[in-house]
Structure formats: structure tokens, C-alpha cells
Asks: 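Right, I'll just put the structure down here and ask away after.
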Amino acid sequence: DEQMKAIDLKLGQVERKNLTTTLKINGKLSLPPQHQAQVSMLIGGVVKNIYVQEGEFVNAGKVMAIITNADIIKDQQDYLENMANLTYLEKEYQRQKSLRDDDINAGKIYQQAQRELQIAQSRRATIKSKLGQLGIDVNNLSAQNIHTSLAVLSPISGYIQKINISMGKFADANATLFEIVDNRYLHLDLKVFEKDLH
């Protein structure tokens, strides 16, 4: 407040006026980081299909490409085998627990059943997390419904600035496949020196 009084600063409304002088100002176009994306995959694979073109607008969640990788089949097989094994281990654990409660079997056998169950549960959680990161819903997974390919989804809405893949090419894990920018949030940053403020 004291500084405003010292320079006799007055506040007013923004209004249109013809300026008698021009001022050259340095600046740059800028886009917030949450409105630009470099799209990559956690695992590599062969590009089977590409559904978009450079310059095209895509909505968040749109399938931009399909990538195939044999390793995802193995991961799904491991998950299904683990689930089948888990069912057996849960029943075995309950049986050993019941026998232990009745003081029929040794504590060692009960502890071993408990340990095997915990290892299988931990393995299930690990594989489920891995498949989830790849976009595979394990709740719909069955021996008849194994995915052989992965969809590359757009994380944001925006325009495709660059496509770094082509059909049949092997896309490396963590390599940038697509670059997307949302120019609706583009803004101009200008630097004005204090002497030029008036």
C-alpha cells in the first residue's frame, strides 16, 4: 500500500485504446506439462495396427495402435495357473488348520500349508498388478479369453504431433510411440522490463 501511494498508482478497468507507440517484447509459446504427453508401452512388441494420423485430434482413452507380444500370453497363463493352484492351496490350508485345531497334525505341516498359500497369494497380486499395468482386466480372463495383443491408448485428449512407429516394426519398451499436445491450453509468456511497464 505504501509503495502504491509513493508512485501514485491508480487501478482501473481494462479498456480498448489506440497506442501511440509500439514495444518489442520477447516471449515464447508455452503449454502446461499436463496437456502434453509422450506415449510409450511397458513392454515392447510388433506393431500390428495404427489407427491414427499425425495432426488428428484424439480423445483420452482412444485406441491409437495395437501391439503384439508373446510374453503377455505367458503372463496370462501364469496368472490362470496361479489361480487354479491358489484354489487348491486355500482348501489345503483350511484342512490343515482344522486338523491343527483338533490337535491331529503337527504344527510344521500347518505352517508349511500357510506359507505356500501366502506365497501363491503374493504371486497372484504381483501378476495381477503387471497385467493391470498392461491394460488387461484379470476379472474377465479365462483359458478361452487370453489376449494376444495390447492396445496403445491416448492418456490425454489432444492433437497427435508425432508418430514414431510403423506397421510391422518392433516397438521397444519405454520408447516414445506417439507425442500428443492439447493446444487448447497454449498460452503466451511475455517478458516486459519494468522501465517499459508504462
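All residue numbers in this chain count up from 1 along the given sequence.
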Asks: Hydrophobic clusters here meaning ILVMFWY residues chained together by side-chain heavy-atom distances under 4.5 Å, can you tell me if Ile163 and Tyr51 are in one?
Replies: no

Asks: Looking at every heavy atom in both Leu42 and Ala173, which two are closest together, and how far apart are they?
Replies: O-CB, 3.5 Å

Asks: Any link between Val47 and Leu177 through a network of hydrophobic side chains (Ile, Leu, Val, Met, Phe, Trp, Tyr) touching at under 4.5 Å?
Replies: yes

Asks: Using side-chain contact (heavy atoms from CB on, under 4.5 Å), reason through Lys162 and Asn164 one step at a time and then give a plain yes or no.
Replies: CA-CA 6 Å; Lys162 195 167 185 185; Asn164 298 320; 3.4 Å; yes

Asks: If you measure from CZ on Arg124 to CG on Asn85, what distance do you get to the nearest 0.5 Å?
Replies: 11.5 Å

Asks: Output the distance between atom CG (Leu117) and atom CG (Leu86), rounded to the nearest 0.5 Å.
Replies: 6.0 Å

Asks: If you draw a 6.0 Å radius around CG in Asn18, do more than 12 non-hydrogen atoms from other residues or ligands fall strictly inside?
Replies: no

Asks: Side-chain contact, heavy-atom cut-off 4.5 Å: Val152 with Val63?
Replies: no

Asks: First locate atom CD of Gln36, then atom CG of Leu186, and finally report the distance between them rounded to the nearest 0.5 Å.
Replies: 10.0 Å

Asks: Checking Arg123 now: which residues fulfil salt bridge (Lys or Arg N to Asp or Glu O under 4.0 Å) with it, not counting sequence neighbours?
Replies: Asp78

Asks: Provide the closest heavy-atom pair for Ile165 versus Ala171 in the form atom of the first, atom of the second, distance.
Replies: CG2-CB, 4.2 Å

Asks: To the nearest 0.5 Å, tell me how far Met83 CE sits from Ile127 CD1.
Replies: 10.5 Å

Asks: Spell out, as yes or no, whether a donor-acceptor pair under 3.5 Å connects the side chain of Ser122 to the backbone of Gln118.
Replies: no

Asks: Among side-chain atoms of Gln94 and Glu90, is any donor-acceptor pair under 3.5 angstrom?
Replies: no

Asks: Quick check: does any side chain N or O of Ser154 sit under 3.5 Å from a backbone N or O of Ala60, one acting as donor and the other as acceptor?
Replies: no

Asks: Any side-chain heavy atom of Leu153 within less than 4.5 Å of one from Lys62?
Replies: no

Asks: Do the non-hydrogen side-chain atoms of Ile43 and Leu134 ever get within less than 4.5 Å of each other?
Replies: yes

Asks: What residues, two or more places apart in sequence or in another chain, satisfy side chain to side chain donor-acceptor pair (under 3.5 Å) together with Gln114?
Replies: none

Asks: Which heavy atom in Thr68 sits nearest to a heavy atom in Ser149, and how many Å separate them?
Replies: CG2-CB, 3.7 Å

Asks: Return the minimal non-hydrogen interatomic distance between Met64 and Ile180, and the atom names on each side.
Replies: SD-CD1, 3.9 Å

Asks: Which donor-acceptor pairs under 3.5 Å do side chains of residues 25-33 form with protein atoms, sequence neighbours excluded?
Replies:
none

Asks: On a heavy-atom basis, which atom in Met167 and which in Asn49 lie closest, and how many Å separate them?
Replies: SD-CA, 3.6 Å

Asks: Going by side chain to side chain donor-acceptor pair (under 3.5 Å), name the residues that satisfy it together with Lys130, two or more places apart in sequence or in a different chain.
Replies: Asp75

Asks: Met41 and Ala151: which non-hydrogen atoms are nearest, and at how many Å?
Replies: CE-O, 4.2 Å

Asks: Can you tell me if CZ on Phe57 sees more than 12 non-hydrogen neighbours from other groups inside 6.0 Å?
Replies: yes

Asks: When clusters are formed by joining ILVMFWY residues with side-chain heavy atoms under 4.5 Å apart, either directly or through shared neighbours, do Val39 and Ile50 land in the same one?
Replies: yes

Asks: What is the distance from atom CD of Glu2 to atom NZ of Lys5, rounded to the nearest 0.5 Å?
Replies: 5.0 Å

Asks: What pairs meet the side-chain hydrogen bond (donor to acceptor under 3.5 Å, both in side chains) rule with one or both residues in residues 174-189, with sequence neighbours excluded?
Replies: Asp182-Arg184, His187-Asp189

Asks: Would you give the length of the straight line joining atom CG of Leu150 to atom CD1 of Ile67, rounded to the nearest 0.5 angstrom?
Replies: 7.5 Å

Asks: Could you note down all residue pairs passing salt bridge (charged side-chain N to carboxylate O under 4.0 Å, His left out) where residues 42-59 supplies at least one of them, sequence neighbours left out?
Replies: none

Asks: Show your working on side-chain contact (heavy atoms from CB on, under 4.5 Å) between Val52 and Phe178 and close with a plain yes or no.
Replies: CA-CA 10 Å; Val52 293; Phe178 298 93; 3.7 Å; yes

Asks: For Gln53, is the CD atom crowded, meaning more than 12 foreign heavy atoms sit under 6.0 Å from it?
Replies: no

